[in-house]
Amino acid sequence: MIYIEKSNKSVEEVVKTFEEKISDFKFGILHIHNVKETLKSKGVEFEKQCQILDICNPNYAKEFLSEDMTMSVVMPCKITVYDDNGETNIAMNSLVQLVDDVNPDLIDRAQDVQDTLLELIETVK
């Protein structure tokens, strides 16, 4: 499942708001992939705006990895902000489904993290 929220802000405005608000949710941004700029640097033109945020809460990361190192395949969490036909979208994969594929015993904790991330998205949109 993919969660998608629409925003009246531009892609850049949403990403800036993430940068300003994410610490309120005890997460940090590890990296922002600007897809358009990355492709351009490789000689490929791409018109749409798309930024992928790699985000992490170190306490959650430690908790998941202490239980099961294979959880590293779903880390860090990703949130994308992109323009599609003039609309800004904020999207995230279901963390619960990703965790269920790796270790179903950790679904309750994944639900807590997912709820926090959806609240964060609601705040920045």
Side-chain angles (χ1 to χ4, degrees):
M1 169 184 270
I2 298 174
Y3 296 96
I4 300 175
E5 290 288 334
K6 298 201 179 301
S7 175
N8 292 325
K9 299 176 184 175
S10 69
V11 169
E12 294 80 11
E13 289 171 325
V14 171
V15 170
K16 184 176 188 307
T17 306
F18 265 110
E19 291 174 321
E20 294 168 353
K21 298 290 185 183
I22 197 163
S23 65
D24 296 346
F25 293 82
K26 299 187 176 22
F27 276 80
I29 298 174
L30 302 175
H31 189 73
I32 299 173
H33 305 273
N34 185 322
V35 175
K36 182 177 183 175
E37 292 301 316
T38 299
L39 292 176
K40 184 177 182 179
S41 76
K42 307 294 182 192
V44 177
E45 291 299 320
F46 186 72
E47 295 307 314
K48 294 184 178 186
Q49 292 288 333
C50 178
Q51 296 194 38
I52 303 167
L53 287 71
D54 288 334
I55 65 172
C56 183
N57 172 303
N59 293 316
Y60 289 142
K62 180 183 178 187
E63 186 176 336
F64 280 118
L65 294 172
S66 294
E67 287 291 324
D68 184 347
M69 283 300 293
T70 61
M71 289 296 299
S72 61
V73 300
V74 299
M75 294 177 163
C77 294
K78 293 188 182 303
I79 295 177
T80 64
V81 185
Y82 61 92
D83 175 71
D84 192 23
N85 297 317
E87 291 186 328
T88 299
N89 294 290
I90 307 166
M92 178 184 85
N93 278 324
S94 168
L95 184 59
V96 171
Q97 285 183 331
L98 293 171
V99 169
D100 186 40
D101 288 345
V102 178
N103 186 334
D105 293 337
L106 298 174
I107 287 176
D108 289 340
R109 175 47 84 196
Q111 184 67 59
D112 293 341
V113 176
Q114 180 173 289
D115 291 345
T116 300
L117 294 177
L118 291 172
E119 184 180 339
L120 170 60
I121 290 169
E122 188 66 28
T123 299
V124 303
K125 74 175 192 179

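- One hydrophobic cluster, built from ILVMFWY side chains closer than 4.5 Å, cannot hold both Leu53 and Val35; they sit in different ones.
- Other residues, nucleotides and ligands place more than 12 heavy atoms under 6.0 Å from the CG atom of Asp101.
- A side-chain donor-acceptor contact under 3.5 Å links Asp68 and Asn103.
- Annotation: the span from Lys6 atom NZ to Glu87 atom CD amounts to 4.0 Å, rounded to 0.5 Å.
- At least one donor-acceptor pair under 3.5 Å links the side chain of Asn57 to the backbone N or O of Lys26.
- You'll find the side chain of Leu117 stays beyond 4.5 Å of the side chain of Tyr3, heavy atoms only.
- Between the side chain of Ser66 and the backbone N or O of Glu63 there is no donor-acceptor pair closer than 3.5 Å.
- The closest side-chain heavy-atom distance from Leu65 to Met75 is below 4.5 Å.
- One finds the CG atom of Asp84 at 4.5 Å from the NZ atom of Lys48 (value rounded to the nearest 0.5 Å).
- To the nearest 0.5 Å, atoms CG (Leu95) and CD1 (Ile107) are separated by 10.5 Å.
- Annotation: the span from Asp83 atom CG to Ser7 atom OG amounts to 11.0 Å, rounded to 0.5 Å.
- Panel note: side chain Thr88, backbone Lys9; a donor-acceptor pair is recorded below 3.5 Å.
- When hydrophobic clusters are built by joining Ile, Leu, Val, Met, Phe, Trp and Tyr residues whose side-chain heavy atoms come closer than 4.5 Å, directly or via intermediates, Leu118 is grouped together with Val81.
- Residues Val113 and Arg109 meet the side-chain proximity criterion, which asks for heavy atoms closer than 4.5 Å.
- One finds the CZ atom of Phe27 at 5.5 Å from the SG atom of Cys77 (value rounded to the nearest 0.5 Å).
- Counting Ile, Leu, Val, Met, Phe, Trp and Tyr side chains that sit under 4.5 Å apart, directly or through other members, Ile2 shares a hydrophobic cluster with Ile4, Tyr82.
- The nearest pair of heavy atoms linking Cys56 to Leu30 is CB-CD1, 3.8 Å.
- Gln114 places a side-chain N or O within 3.5 Å of a backbone atom of Val96 that can act as its donor or acceptor partner.
- Looking at Thr38 and Phe46, their side chains never come closer than 4.5 Å, going by heavy atoms from C-beta outward.
- A salt bridge links Glu20 with Lys16: the closest approach of a Lys/Arg side-chain nitrogen to an acidic carboxylate oxygen falls below 4.0 angstrom.
- Transitive grouping of hydrophobic side chains (ILVMFWY, heavy atoms separated by less than 4.5 Å) keeps Ile52 and Val74 in distinct clusters.
- Between Lys78 and Asn93, every side-chain heavy-atom pair lies at or beyond the 4.5 Å cut-off.
- The line from OG1 of Thr17 to CG of Leu120 is 10.5 Å long, rounded to the nearest 0.5 Å.
- Between Asp108 and Gln111 there is no side-chain heavy-atom pair separated by less than 4.5 Å.
- Counting heavy atoms from C-beta outward, Leu39 and Glu45 have side chains that stay 4.5 Å or more apart.
- Between Ile32 and Phe18 the shortest side-chain heavy-atom distance does not fall below 4.5 Å.
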